[in-house]
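Written out below as structure tokens is the structure these notes cover.
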Amino acid sequence: MKRVLITTPDYPPKIGGLSTFTLNIKNVLENLNITVDVFNWKSIPEIKDKFLELKFQKNAYDYVFNIHFVGGYYLQNLDFKYINFYHGSEILFYSPSPLKRIYKFLFRKKMLRYMENAQFNFFISHFTFKKLQEKGLVSDISRDIILHNCIDIPNEIDKSLSK
């Protein structure tokens, strides 16, 4: 049986787009009878701790799905196949925090190389894909896929919106 680890900075009960997206990815994988674990990280040190935990578990997962690429960036030296999802602002390598902005500037090339070594990169729009190319991503049609962000809306919500 296949096993997948999903890494995400947002997960229910926290509400928002990434939480909803993560939950939908999890549900789809489980409907395919894939075992799914969710790692809801809150900080970089927490991701580094997860790296140490997984370092000696060579066959723990077949794939790691990163809802935000930073989770995969810090887990990248593990022997798993990585699939990244890109939603928007994370590709700008910007932060209002001066320290984070300097860090992102210094590590941008390394982060781009990580993205280029992923099994797959899914972008929610042509705009997001093109913007990351402008930031330095060398694209590859066998790896980089544009998959518009289609989130299932429960029938009850759909019915109330159509009134």
Side-chain angles (χ1 to χ4, degrees), residues 2-55 57 60-97 100 103-104 107-108 110-133 135-137 139-140 143-154 157:
K2 295 283 185 197
R3 290 199 65 199
V4 170
L5 174 65
I6 298 176
T7 73
T8 181
D10 295 336
Y11 194 69
K14 186 175 182 179
I15 58 174
L18 290 184
S19 293
T20 304
F21 186 81
T22 303
L23 192 56
N24 281 330
I25 293 288
K26 179 181 182 283
N27 290 338
V28 167
L29 292 171
E30 288 177 339
N31 286 337
L32 294 170
N33 293 318
I34 295 171
T35 301
V36 178
D37 293 325
V38 176
F39 171 48
N40 180 206
W41 53 270
K42 305 286 186 253
S43 67
I44 303 303
E46 194 174 8
I47 301 170
K48 289 178 178 180
D49 288 344
K50 187 69 168 180
F51 174 85
L52 294 174
E53 175 188 324
L54 294 172
K55 188 174 182 177
Q57 298 179 23
Y61 297 101
D62 298 290
Y63 291 94
V64 177
F65 283 39
N66 300 296
I67 303 305
H68 188 294
F69 82 90
V70 169
Y73 177 75
Y74 287 100
L75 296 176
Q76 69 180 304
N77 291 320
L78 298 172
D79 192 25
F80 303 129
K81 294 176 183 170
Y82 295 90
I83 297 174
N84 300 309
F85 294 88
Y86 299 94
H87 305 274
S89 64
E90 77 274 15
I91 64 168
L92 299 176
F93 300 107
Y94 175 81
S95 174
S97 162
K100 286 182 182 178
Y103 179 85
K104 289 179 179 189
F107 287 90
R108 185 180 78 177
K110 287 183 178 183
M111 289 180 175
L112 288 167
R113 297 305 75 85
Y114 158 74
M115 295 170 187
E116 292 167 0
N117 288 324
Q119 184 79 21
F120 293 104
N121 291 313
F122 289 99
F123 297 88
I124 64 159
S125 67
H126 287 294
F127 177 83
T128 303
F129 177 61
K130 293 294 183 192
K131 185 57 74 176
L132 194 52
Q133 282 181 308
K135 296 294 180 184
L137 178 74
S139 63
D140 180 337
R143 175 199 67 222
D144 299 326
I145 300 165
I146 298 167
L147 181 67
H148 291 277
N149 193 358
C150 302
I151 297 174
D152 289 337
I153 297 176
I157 295 173

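When reading the values below, keep in mind they use all heavy atoms of this one structure, side chains included, and skip hydrogens, waters and symmetry mates. In this chain, residues are counted from 1 in sequence order.
For the salt bridge (charged side-chain N to carboxylate O under 4.0 Å, His left out) condition, the pairs that include at least one residue of residues 8-20, sequence neighbours left out, are Asp10-Lys14.
Note: Leu5 CG to Thr35 OG1 = 12.0 Å, rounded to the nearest 0.5 Å. Distance CG/Asp140 to CD1/Ile145: 10.0 Å, rounded to 0.5 Å. Going from atom CE of Met111 over to atom CG of Leu132 covers 12.0 Å, rounded to the nearest 0.5 Å. Rounding to the nearest 0.5 Å places CD of Gln133 at 10.0 Å from CD1 of Ile91.
Among all heavy-atom pairs drawn from Leu112 and Lys135, the shortest one is CD1-O, 3.3 Å. Taking every heavy atom of both residues into account, Pro12 and Leu23 meet most closely at CG-CD2, 4.0 Å. Minimum interatomic distance between His126 and Ile146 (heavy atoms only, all atoms of both residues): ND1-CD1, 2.9 Å. When all heavy atoms of Ala60 and Leu54 are compared, the closest pair comes out as CB-CD2, 4.5 Å. Here the closest heavy-atom approach between residue Arg143 and residue Leu137 is recorded as NH2-CD1, 4.1 Å. Nearest heavy-atom pair across Val36 and Glu30 is CG2-CG, 3.9 Å.
Side-chain contact between Ile25 and Asn27: absent, with no pair of heavy atoms (C-beta onward) separated by less than 4.5 Å. With contacts defined as side-chain heavy-atom distances shorter than 4.5 Å, the pair Ile34/Val28 does not qualify. Residues Asn84 and Phe122 have side chains not in contact (no heavy-atom distance under 4.5 Å, counting atoms from C-beta outward). With contacts defined as side-chain heavy-atom distances shorter than 4.5 Å, the pair Lys110/Tyr114 does not qualify. Contact of the Leu18 side chain with the Pro9 side chain is registered, since non-hydrogen atoms from C-beta on lie closer than 4.5 Å. The side-chain heavy atoms of Asn31 and Leu29, taken from C-beta on, include no pair separated by under 4.5 Å. Residues Thr7 and Val64 are in side-chain contact: their nearest non-hydrogen atoms beyond the backbone lie under 4.5 Å apart. Side-chain contact between Ser95 and Lys104 is present, with at least one heavy-atom pair separated by less than 4.5 Å.
Considering only residues two or more places apart in sequence or on other chains, Glu53 meets the salt bridge (charged side-chain N to carboxylate O under 4.0 Å, His left out) condition with Lys50.
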How far apart are the C-alpha atoms of Ser19 and Thr22, what are their side-chain angles, what is the distance that settles it, and do they pass the side chain to side chain donor-acceptor pair (under 3.5 Å) test? CA-CA 5 Å; Ser19 293; Thr22 303; over 6 Å; no

Start with the C-alpha distance between Tyr82 and Asn66, add both sets of side-chain angles, then the distance that settles side chain to side chain donor-acceptor pair (under 3.5 Å), and finish with yes or no. CA-CA 7 Å; Tyr82 295 90; Asn66 300 296; over 6 Å; no

Check the pair Asn40 / Thr8 against side chain to side chain donor-acceptor pair (under 3.5 Å), numbers first and verdict last. CA-CA 5 Å; Asn40 180 206; Thr8 181; 5.1 Å; no

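For Leu52, the CG atom counts as densely surrounded, since its 6.0 Å shell holds more than 12 non-hydrogen atoms of other residues, nucleotides or ligands.
Of the residues Phe123, Phe21, Phe127, Phe129, the one that meets the ring-ring contact (aromatic ring centres under 6.0 Å, His included) test with Tyr86 is Phe123.
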Atom pairs and distances, donor-acceptor, side-chain atoms in residues 68-81, under 3.5 Å, two or more places apart:
residue	atom	partner	partner atom	Å
His68	ND1	Val70	N	3.3
Tyr74	OH	Tyr103	OH	2.1
Gln76	NE2	Tyr73	O	3.0

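Judged by distance alone, with hydrogens and angles left aside, the side-chain atoms of His87 form a donor-acceptor pair with the main-chain N or O of Ile67 at under 3.5 Å.
Figure legend: cation-pi geometry between Arg3 and Tyr61, with NZ or CZ positioned under 6.0 Å from the six-membered ring centre and within 45° of its axis.
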